[in-house]
Asks: 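Please see the structure below; I have some questions.
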2 protein chains.
Amino acid sequence: MPEKPAGGVRARVRAELTAEIKAAARRQLATEGASSLSLRAIARELGMASSAIYRYFASRDELLTALIIDAYEDVASHIEAAESQCERADHRGRFVAIATTLRSWAVANPNEYALIYGTPVPGYAAPTDTIDPATRVPITLLTVLVESHVSETSEPDESDLGQALADVLVFTNHSVPADAMALAIEAWAEIFGLINLEMFGHFKNAVTNPSVMFNHAANSMAERILP
Amino acid sequence: MPEKPAGGVRARVRAELTAEIKAAARRQLATEGASSLSLRAIARELGMASSAIYRYFASRDELLTALIIDAYEDVASHIEAAESQCERADHRGRFVAIATTLRSWAVANPNEYALIYGTPVPGYAAPTDTIDPATRVPITLLTVLVESHVSETSEPDESDLGQALADVLVFTNHSVPADAMALAIEAWAEIFGLINLEMFGHFKNAVTNPSVMFNHAANSMAERILP
DNA sequence: GCAGAAACGAGAGCGGTGCTCTCGAAACGG
DNA sequence: CCGTTTCGAGAGCACCGCTCTCGTTTCTGC
């Protein structure tokens with residue numbers, strides 16, 4: 001998909017139409033859900049032949065991929081913006097900001113949330129284009145964790161736990177002990193667990209106010225994992 | 001769907017065929033995923049006309065519902081069996097048994113797990129038939145929690161947290177304090193978060209051995225929430 | 001400035017889906 | 001035994017993703 005920055009007329013209308021298709025897809029996503037996203041319906045809405053869509057996206061999966069990347073970028077931008085407004089030394093505040101912003105974004109964009117953090121579409125294998133934007137959010141969390149452990153430096157951990165978390169421990173240059181990293185991953189999982197349970201309807205007859213529950217949990221987690 | 005217990009020939013072959021359809025559906029579910037489950041493919045596999053399926057299930061959604069109920073019952077049976085083999089007083093052991101059995105079941109039956117704990121099918125609203133079997137698993141966990149707080153009895157909690165958790169606190173007759181209940185819900189969310197992250201591919205380049213990580217977390221949670 | 005190349009939109013068509021309707025055969029029950 | 005109900009099969013409808021062709025429009029190199 002070569003897009004010249006300000007090339008001829010053709011390149012411009014191509015960029016515009018690509019954006020219009022994505023916009024229509026997002027609109028349809030919001031009302032129908034990901035798995036029933038229909039290229040033909042998008043084409044109908046845009047007043048063009050269904051086959052014309054294929055000039056812009058080679059397949060339905062490629063459109064989905066584009067939407068997934070956009071969603072990752074969008075949530076990452078929100079979270080980074082919220083986190084950057086906290087006092088640098090206030091690690092717990094930064095963690096809570098990350099967690100609560102993630103939930104707010106999920107509540108505001110349930111279908112995009114489901115798209116990136118829900119059940120993967122069956123035959124769909126995430127292309128490599130998606131892994132980069134997907135890492136932005138966890139990296140902001142890891143940064144807070146590393147900065148709160150700034151004075152420590154440890155050797156590679158040879159324990160079972162240390163080996164199980166080898167990849168992420170290497171990623172942080174072993175500046176975070178394995179058990180502290182495990183606590184952080186637990187918190188990370190808890191955040192998604194709470195959001196998933198709320199969004200996918202498993203809090204019925206149990207938690208009446210998910211927002212209060214989530215804020216309580218976020219503060220509880222911050223105390224638990226950050227010194 | 002009236003099914004006479006041992007009625008005429010017709011009732012028996014109807015029950016058998018219903019089971020065969022579900023079996024074929026489950027087989028297809030394991031290889032294709034829920035959203036691409038095809039009634040026509042099932043009919044083909046069973047050597048019957050696609051329209052004949054509708055004598056047994058009024059729609060694709062109804063078949064899905066039947067599979068969902070079966071999955072809930074199956075996971076609940078596994079968890080109850082594992083939990084019942086623990087010493088009654090060993091609350092932490094019972095909790096760990098519940099958690100690890102849930103994960104084992106999810107790893108062994110990824111598509112049924114996704115069916116009941118993943119993103120809901122877009123237009124699909126869980127019929128009332130599913131809520132009953134869905135509660136069996138959380139109830140086993142709540143039972144452990146309540147039994148570990150057996151000596152305490154408290155009044156309705158009027159705090160924000162107490163009100164946010166009102167439904168489940170009432171369900172347990174206020175025998176568990178609100179903050180302890182919140183910790184338990186946090187653990188509950190963490191369990192699903194860990195399983196989701198693992199199953200849906202978000203542990204790539206981070207956690208190399210999800211099993212070790214999960215067992216570590218399960219024990220950590222047990223210490224955290226149970227006295 | 002113009003001819004060849006590339007990009008584009010529309011339309012027809014293929015095989016697939018869920019679902020409905022009709023029709024003849026089979027099993028049931030009085 | 002005969003009327004009623006249940007069942008399987010087939011045709012058909014509207015939709016889907018996707019491919020191919022064909023005439024038109026835009027770009028590009030000479």
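Below, chain A is the first sequence line, B the second, and so on; all start at residue 1. Note that the structure is a prediction, hence the values are computed from the model and not measured. These numbers come from the heavy atoms of this one structure, side chains and all, not from hydrogens, waters or symmetry mates.
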Asks: Between B/Ser38 and C/dG18, does any side-chain N or O lie under 4.0 Å from OP1 or OP2?
Replies: yes
Asks: Without decimals, in angstroms, what is the distance between B/Ile53 CD1 and C/dT17 C1'?
Replies: 14 Å
Asks: Starting at atom OH of B/Tyr54, determine the distance to atom P of D/dA9, rounded to an integer number of angstrom.
Replies: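 Atom OH in B/Tyr54 sits about 15 Å away from atom P in D/dA9.
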Asks: Can you measure A/Arg60 atom CZ to C/dG16 atom P for me and round it to whole angstrom units?
Replies: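 Whole-Å distance recorded here is 18 Å.
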Asks: Can you build the contact string for nucleotides 6-11 of chain C? Use B for base contact, S for sugar-phosphate-only contact, and - for no protein heavy atom under 4.0 Å.
Replies: -BBBBB
Asks: Measure the distance from CD1 on B/Ile42 to P on C/dG16 and round it to the nearest whole Å.
Replies: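 Computing the B/Ile42:CD1 to C/dG16:P distance gives 16 Å.
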Asks: Relative to the 5' end of DNA chain D, which residue comes earlier, A/Ala58 or A/Arg44, by the nucleotide with the nearest heavy atom?
Replies: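 Whichever sits nearer the 5' end wins; that is A/Arg44.
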Asks: Is A/Asn111 reaching over with its side chain to a backbone N or O of A/Ala30, donor-acceptor style, under 3.5 angstrom?
Replies: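 Judged by distance alone, yes, a pair lies under 3.5 Å.
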Asks: Would you check, one step at a time, whether the test side chain to side chain contact (heavy atoms under 4.5 Å, CB included) holds for A/Ile79 with A/Trp105?
Replies: CA-CA 9 Å; A/Ile79 285 178; A/Trp105 184 87; over 6 Å; no
Asks: In whole angstrom, give the distance that lies between atom CG of A/Leu39 and atom C1' of D/dC15.
Replies: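 That distance rounds to 13 Å.
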Asks: Pairs under 3.5 angstrom only: tabulate donor-acceptor contacts from the side chains of residues 182-198 of chain B to other protein residues two or more places apart or in another chain.
Replies:
unit_1	atom_1	unit_2	atom_2	d
B/Glu186	OE1	A/Arg224	NH2	3.1
B/Glu186	OE2	A/Ser220	OG	3.3
B/Glu190	OE1	B/Arg224	NH1	3.4
B/Asn196	OD1	B/Tyr113	OH	3.1
B/Asn196	ND2	B/Phe192	O	3.4
B/Glu198	OE1	B/Arg103	NE	2.9
B/Glu198	OE2	B/Arg103	NH2	2.9

Asks: Whole angstrom is fine here: how far is it from CG in B/Leu46 over to C1' in D/dC7?
Replies: 15 Å
Asks: Tell me the closest heavy-atom pair linking B/Ala218 and B/Ala99, and the distance in Å.
Replies: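 Reported closest heavy-atom pair: CB-CB, 4.2 Å.
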Asks: Using a 4.0 Å heavy-atom cut-off across all strands, classify B/Leu37 as base, sugar-phosphate, or nothing.
Replies: sugar-phosphate
Asks: Given 3.5 Å as the limit, does a donor-acceptor pair link the side chain of B/Asn109 with the main chain of B/Glu112, or not?
Replies: no
Asks: Do B/Thr172 side-chain atoms and B/Leu169 backbone N/O form a donor-acceptor pair below 3.5 Å?
Replies: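 Yes.
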Asks: Between atom CD in B/Glu16 and atom C1' in D/dC7, what is the gap in whole Å?
Replies: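 Going from B/Glu16 (CD) to D/dC7 (C1'), I get 15 Å.
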Asks: Between A/Arg26 and A/Asp70, is the salt bridge (Lys or Arg N to Asp or Glu O under 4.0 Å) condition met? List the steps.
Replies: CA-CA 10 Å; A/Arg26 244 186 305 268; A/Asp70 285 2; 3.3 Å; yes
Asks: Round to the nearest Å and state the distance from A/Glu32 atom CD to D/dC15 atom P.
Replies: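 From A/Glu32 CD to D/dC15 P: 13 Å.
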